[in-house]
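Bear in mind that the values here come from a model prediction, so they are computed numbers and not experimental data. Proteins get letters first, then strands, A, B, ... in listed order; numbering begins at 1 in each.
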Amino acid sequence: MNAPISDDFATTLLAWYDRAGRHDLPWMHPRTPYRVWLSEIMLQQTQVQTVIPYFERFIATLPTLPALAAAPQDDVLALWSGLGYYARARNLHAAARLCVEQHGGDLPRDLEALIALPGIGRSTAGAILTQAWGDRFAILDGNVKRVLSRYHGIGGWPGTPAVEKQLWRLAQTHLPRERLADYTQAQMDFGATLCTRHDPACVLCPLQAKCAALSDGRVAELPTARPSKPIPERHAVVLLAEDAQSRVLLQKRPAVGIWASLWSLPEAGDHDAARDWFGRHLHGDYDNAEALAPIAHAFTHYRLQLQPLRWRGLGLRNLVHDNGDLRWVAREDLVKLGLPAPIRKLLLGVAQNP
DNA sequence: AAGACGGGGTT
DNA sequence: AACCCAGTCTT
């Protein structure tokens, strides 16, 4: 199956992009491979308006790929702090170091070589190659899945391999011969601003005459939603220990699991475990704790209830101090570390209410 | 094939 | 409260 010489879908989308698309996003000026890559990683599962301030801060601090490669992981995670999906930051960092070792400090201009880097899958590789160099590759992100599902009337959850394979084939078929960077951006903008999940602006849509979902009255039900599952709830106690200088005791989380490699408060599964941890690490009276307001934090796959307990004027037991994963941190140094969003919020709140 | 992985926004 | 979003990685 060969792509048509001139695809009406792509031509129409490009014309729409010229008058209604976004042409001034921060990573477009200048549009370098490194900036495109960083933006695409940040944009995975995250919307443009959320990404922009993080991108600006990140690129101002680490303006080049070699600068990223040379940075400590804690600095990279601090720049990512609050954006979520922290594996993206760890993979980005590792990939930058691989580029320095294997590709002369540049991002490779090759689909398979890009996919071989951690954090870059087929869609992100295509987005990088089209936007950085204008090469001819397809993308298949959430926007494109939604647009193609509707335009072609494709049912079935796009997360299933059969549906995804079909969508990839259609995405490939529609590729224009020219203006690949604009075409990639056009699809994203079209999905994000016109062909939205809820209440798409079909009345304004330049593809309305050929949209299968619109003519069949199936716009609202395509693409098929992910099967829903019950969300479990988990509870934990977090220990907010302060020393005589009001520094906070932080612990680096393990390299795997939720909030991997971020700095957080010491955490225990329940009060017995919290008391045990306190006794082994700190001088003072566990029962002298001040119970702060519980924190509710929602993830995609579970809900977390955190009970913060606060002590002041504590010291570490001599034998446990500083094996690398425990650290007293001054208030003003919190911004230098990668903290989970709810922990950062808690610590900033405590700082304002001493 | 299914689950893990964050946080913010929308409805 | 449920669902969604510029996905990728692990098992």
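Distance A/Leu304 CG to B/dG7 P: 10 Å, rounded to the nearest Å. Following rounding to the nearest Å, A/Leu43 (CG) and C/dG7 (C1') show an atom-to-atom distance of 11 Å. Rounded to whole Å, atom C1' of C/dC5 lies 9 Å from atom OH of A/Tyr85. Rounded to whole angstrom, the span from the CG atom of A/Leu140 across to the P atom of C/dC5 amounts to 12 Å. Rounding to whole angstrom units, CZ of residue A/Phe55 and P of C/dA6 are separated by 19 Å. Following rounding to the nearest Å, A/Met188 (CE) and C/dC4 (P) show an atom-to-atom distance of 20 Å. Look at CG on A/Leu117: it is 9 Å from P on C/dC9, rounded to the nearest Å. Atom CG in A/Leu262 sits roughly 10 Å away from atom C1' in B/dG6 (whole-Å rounding).
As judged by a 4.0 angstrom heavy-atom cut-off over every strand, A/Gln185 is placed among the base-contacting residues. Within 4.0 Å of A/Ile120, counting heavy atoms only, lie sugar-phosphate atoms of the nucleic acid but no base atom. If you check every strand for non-hydrogen atoms under 4.0 Å, A/Gly257 touches sugar and phosphate atoms only. A/Gly159 comes within contact range of no nucleotide atom at all, as no heavy-atom separation falls under 4.0 Å. Here A/Thr124 lies in heavy-atom contact (under 4.0 Å) with sugar-phosphate atoms only. No engagement by A/Ala127 is indicated, since no non-hydrogen atom pair under 4.0 Å with the nucleic acid exists.
When the nucleotides C/dT8, B/dG6, C/dC4 are ranked by their closest atom to the side chain of A/Phe299, B/dG6 comes out on top. Among C/dC9, C/dA6, B/dG7, the nucleotide with an atom closest to any side-chain atom of A/Ala341 is B/dG7. Taking every side-chain heavy atom of A/Tyr86 into account, B/dG6 is the closest of C/dT8, B/dG6, B/dA1. The side chain of A/Arg303 lies closest to C/dA2 when the candidates are C/dA6, C/dA2, B/dG6. Closest to the A/Ile258 side chain, of the nucleotides C/dG7, B/dG6, C/dA6, is B/dG6. Listed nucleotides B/dG7, C/dT8, C/dA6 differ in distance to A/Trp259; the shortest reach to its side chain belongs to B/dG7.
A/Arg22 and A/Thr193 form no side-chain donor-acceptor contact under 3.5 Å, judged by distance and modelled atom types alone. Side-chain contact of A/Trp16 with A/Asp189: a donor-acceptor pair under 3.5 Å is absent, judged by distance alone.
Comparing the P positions of B/dG3 and C/dA6 gives a spacing of 23 Å, expressed to the nearest Å. Annotation: B/dG8 and C/dC9 have their P atoms spaced 24 Å apart (nearest Å).
Using a 4.0 Å cut-off between charged side-chain N and carboxylate O, A/Arg327 and A/Asp333 make no salt bridge.
Considering only side-chain N and O atoms, A/His198 lies nowhere under 4.0 angstrom from the phosphate OP1 or OP2 of B/dT10. Residue A/Thr46 places none of its side-chain N or O atoms closer than 4.0 Å to OP1 or OP2 of B/dG8. Side-chain N/O atoms of A/Arg146 include one lying less than 4.0 angstrom from OP1 or OP2 on C/dA6. Residue A/Lys229 places at least one side-chain N or O under 4.0 Å from the OP1 or OP2 atom of B/dG3. Distances shown here put every side-chain N or O of A/Trp80 at or beyond 4.0 Å from the OP1 or OP2 atom of B/dG7. Checking the phosphate oxygens (OP1, OP2) of C/dA6, no side-chain nitrogen or oxygen of A/Gln44 falls inside 4.0 Å.
When each of A/Ala87 and A/Asp199 is assigned the nucleotide of DNA chain B bearing its nearest heavy atom, the one mapping closer to the 5' terminus is A/Ala87. Comparing A/Val48 and A/Ile115, the nucleotide of DNA chain C nearest to each residue sits closer to the 5' end for A/Val48.
Side chain A/Thr300 to base B/dG6: a donor-acceptor pair is found below 3.5 Å. Judged by distance alone with a 3.5 Å cut-off, a donor-acceptor contact links the side chain of A/Gln45 to the base of C/dG7.
By the 30° and 60° cut-offs, the orientation of the rings of A/Trp277 relative to A/His281 is parallel. Ring planes of A/Trp80 and A/Phe58: perpendicular class, angle over 60° (limits at 30 and 60°). Ring pair A/Tyr34/A/Trp37 is perpendicular by interplanar angle, where above 60° counts as perpendicular and below 30° as parallel.
For the pair A/Arg146 and A/Arg150, the minimum side-chain heavy-atom distance is below 4.5 Å.
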